[in-house]
Each structure stands twice: as C-alpha cells, then as structure tokens.
Amino acid sequence: MDKWKVGVVGAGTIGRSVAQDLAYRGCSVILKDQTEAILDESKKAMARDHKFFQLCDPKLRSVKMEDILPRILFTTTYSGFGELDLVIENVVENFDVKKSVYHDLDQVCRDHTIYAVNTSCISITKIGSAVTHPQNVIGMHFMNPVPQVPLVELVKGYHTSKTTIQYVREFLSACEKKTVLVNDFPGFVTNRVLMLMINECIFLVQDQVAEPEEIDAIFKWGFSHKMGPLATADLIGLDTILQSLEVLWESYHDPKYRPSPYLKRLVYAGHLGRKTGQGFFKY
Ligand code: NAD
C-alpha cells in the first residue's frame, strides 16, 4: 500500500473516518481541515474510535494508534497536494462550500489528479462543473464508520472517464472495499432511499406514533437491521441529514423529500447526534 498517498479534505465525521481507515490499510494520508482545533479534535476522536474498532475487529487488537497516526499528516494548508494522484473531498454537504474547495484544489493539484467526492446527495456532474478536468471527478460515497463498512458507492458523473473509474476501483480494491458503480442522480441509490426512510421515522416521532427506541427496535428485531434508522441518523449527524434532504428537495421538488420540522428543530437546538452527545439518543 506504500504506493498510495492520498489527500483527504475535511476532517469531520466521515473525513476522519476515511483517513483512519486508509492509514490502517497502510496508505500515507494528508488530512486537511480549516483549523488546528478541528484537527486536534479529529485526532482525539480517532483514538476513541480506535478502541471501539479494536473490540470489533481482531485484526486491529495488536495495532497501536501511535503506529497509525504518523501515517497521517494533519494540516490546515494544501501544501503537498501538488504531488497527489488522488484527493478525497469530505467537506460539508453544501454545494457552494464544496465549489470553493474545488476551486482551491484546481489551483494546486496536477492535471491528472482524481477528485473523489464524498457526498450524500450532491450531483457529481455539478461538482465536475467546478473544475478544469471534470473527467477526473467521481463520486466515492463511503459509509460511517468507514473501517467497518466494506461498501463504497461509486458514482459516475456525466464526464467521468473510464481511466478515473479504473483507477479508483484499483485503489479501493487494494483497500479491501467492495464497490458498486451507479449513475449520477442526486442521492444516488443509497441516500434516495435512506434519507426518505430516516425522514419518515422522524415524522413518526413528531406525530407521537412511537418513541425513537421503539422505532429502532422494530427495524432491528423485525427486519434484522444491525442499527435502527434513528441511531443511524445520529451516527451520520442530524445536520448532514437535514442538508441532504434539502439537496434532494431542491433537486427533485418532490414533496416526499421535505424535511420534517422536528428534524429542523433538533438541528437548530444544536442536537446533532453523536457528534454533540445528543440527538434522538444520548451519548
Ligand atoms: P462534518 O460537518 O462532520 O465535517 C465537515 C468538515 O469539513 C468540517 O470539519 C469542516 O471544518 C470541514 N471543512 C469545511 N470547509 C473546509 C475547507 N475549506 N477545507 C477543509 N475542510 C473544510 O460533515 P460530515 O458528516 O463529515 O460530511 C462531510 C461530507 O461527507 C458531506 O458532503 C456529507 O454529505 C458526506 N458524507 C457524510 C457521511 C456521514 O456519515 N456523516 C457519510 C457519507 C458521506
């Protein structure tokens, strides 16, 4: 895995999980976020998550975080990005913010650098319009927590080239990930379905049909889901869920994607799920 040196932009919930997984697999990672404070928090979260991953994965039991962390360069600049072949972008689910990041990357990266967009719902073709070489842009949708989820949903934008697809497939296979390639339409396969299900479960709480514990129990015990939809929402982050539903609503103008007012209320109150210690459940 020494051959893979990867840039990861955004060290939030999913970006740090991507960086941690790549480091476990032996990649060398440059992890960029906006401030040292965010990077410090992300480093601490990786150490916390490592203990949990060790409990679940026997292969990690003898792995020490001190041996993994040096594979990640934590930085607030794009220094070093000019030598990379692959950048995985994980900044907030907002097109304007992502666009400004791609503008910066376009200035520093090489003509052939591949941009893998980790987005829940935003069109890969639209992201491609923000760079000089849209054939190098592909959706690389990871699921949280990345070290524990084998699937990566790959999304082919209008201009995505065969070379780009082949490169990322080879890379992800070296990372022992399973890939499914789908065409670009907002929300792709996963989140057109998952966001609807989560939103409807939030409406059930809002309408006082059932408590979050009861809703999740129905999915776990009735449908053998490993985790209920509302615990999943807390893990993803309720702000990201709301932003994703807003992207789906703006993209399709189909009322089925209107976010539940109760979800908005929780986000305005700062209850974003695991990342703030409270969402539908307390952590
Ligand atoms: P988050 O809010 O937890 O983290 C986003 C990070 O991006 C923050 O740390 C923020 O400081 C950083 N950022 C913003 N502007 C930046 C810039 N200019 N340079 C570097 N970093 C910058 O969000 P998240 O949940 O990690 O989601 C990130 C993206 O990944 C979103 O598009 C989301 O839809 C997608 N995604 C999230 C999940 C999930 O489970 N949370 C899963 C798959 C995909």
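All ligand and atom numbering here is 1-based and tracks the order in the structure. Heavy atoms only: backbone and side chains are in, while hydrogens, waters and symmetry mates are out.
Using a 4.0 Å cut-off between charged side-chain N and carboxylate O, Asp21 and Arg25 make a salt bridge. With salt bridges taken as basic N to acidic carboxylate O contacts below 4.0 Å, one links Arg48 and Glu41.
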Which pairs of N or O atoms, one from ligand 1 and one from the protein, are separated by less than 3.5 Å, and what is the distance for each pair?
{"from": "ligand 1", "atom 1": "3 (O)", "to": "Thr13", "atom 2": "N", "distance (Å)": "3.0"}
{"from": "ligand 1", "atom 1": "3 (O)", "to": "Thr13", "atom 2": "OG1", "distance (Å)": "3.0"}
{"from": "ligand 1", "atom 1": "3 (O)", "to": "Lys275", "atom 2": "NZ", "distance (Å)": "3.3"}
{"from": "ligand 1", "atom 1": "9 (O)", "to": "Asp33", "atom 2": "OD2", "distance (Å)": "2.7"}
{"from": "ligand 1", "atom 1": "11 (O)", "to": "Asp33", "atom 2": "OD1", "distance (Å)": "2.6"}
{"from": "ligand 1", "atom 1": "11 (O)", "to": "Gln34", "atom 2": "NE2", "distance (Å)": "3.0"}
{"from": "ligand 1", "atom 1": "19 (N)", "to": "Lys32", "atom 2": "NZ", "distance (Å)": "3.1"}
{"from": "ligand 1", "atom 1": "21 (N)", "to": "Asp33", "atom 2": "OD1", "distance (Å)": "3.4"}
{"from": "ligand 1", "atom 1": "25 (O)", "to": "Thr240", "atom 2": "OG1", "distance (Å)": "3.2"}
{"from": "ligand 1", "atom 1": "26 (O)", "to": "Thr13", "atom 2": "N", "distance (Å)": "3.2"}
{"from": "ligand 1", "atom 1": "26 (O)", "to": "Ile14", "atom 2": "N", "distance (Å)": "2.9"}
{"from": "ligand 1", "atom 1": "30 (O)", "to": "Asn118", "atom 2": "O", "distance (Å)": "3.1"}
{"from": "ligand 1", "atom 1": "32 (O)", "to": "Val91", "atom 2": "O", "distance (Å)": "3.2"}
{"from": "ligand 1", "atom 1": "32 (O)", "to": "Glu93", "atom 2": "OE1", "distance (Å)": "2.5"}
{"from": "ligand 1", "atom 1": "32 (O)", "to": "Lys98", "atom 2": "NZ", "distance (Å)": "2.9"}
{"from": "ligand 1", "atom 1": "32 (O)", "to": "Asn118", "atom 2": "O", "distance (Å)": "3.4"}
{"from": "ligand 1", "atom 1": "34 (O)", "to": "Glu93", "atom 2": "OE1", "distance (Å)": "2.7"}
{"from": "ligand 1", "atom 1": "34 (O)", "to": "Ser120", "atom 2": "N", "distance (Å)": "3.1"}
{"from": "ligand 1", "atom 1": "34 (O)", "to": "Ser120", "atom 2": "OG", "distance (Å)": "2.5"}
{"from": "ligand 1", "atom 1": "41 (N)", "to": "Ile236", "atom 2": "O", "distance (Å)": "2.9"}

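Two different hydrophobic clusters hold Ile127 and Ile138 under the rule that ILVMFWY side chains link at heavy-atom gaps under 4.5 Å.
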N/O donor-acceptor pairs under 3.5 Å from side chains in residues 59-74, not counting sequence neighbours:
{"from": "Arg61", "atom 1": "NE", "to": "Gln54", "atom 2": "O", "distance (Å)": "2.8"}
{"from": "Arg61", "atom 1": "NH2", "to": "Leu55", "atom 2": "O", "distance (Å)": "2.7"}
{"from": "Arg71", "atom 1": "NH1", "to": "Ala23", "atom 2": "O", "distance (Å)": "2.5"}

Review item, side-chain donor-acceptor pairs of residues 202-209, under 3.5 Å, at least two apart:
{"from": "Gln206", "atom 1": "OE1", "to": "Ser260", "atom 2": "OG", "distance (Å)": "3.0"}
{"from": "Gln206", "atom 1": "OE1", "to": "Tyr262", "atom 2": "N", "distance (Å)": "3.0"}

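Pairs of residues two or more places apart, or lying in two chains, that qualify as ring-ring contact (aromatic ring centres under 6.0 Å, His included) and include a residue from residues 81-110 are Tyr78-Phe81, Tyr102-Tyr115.
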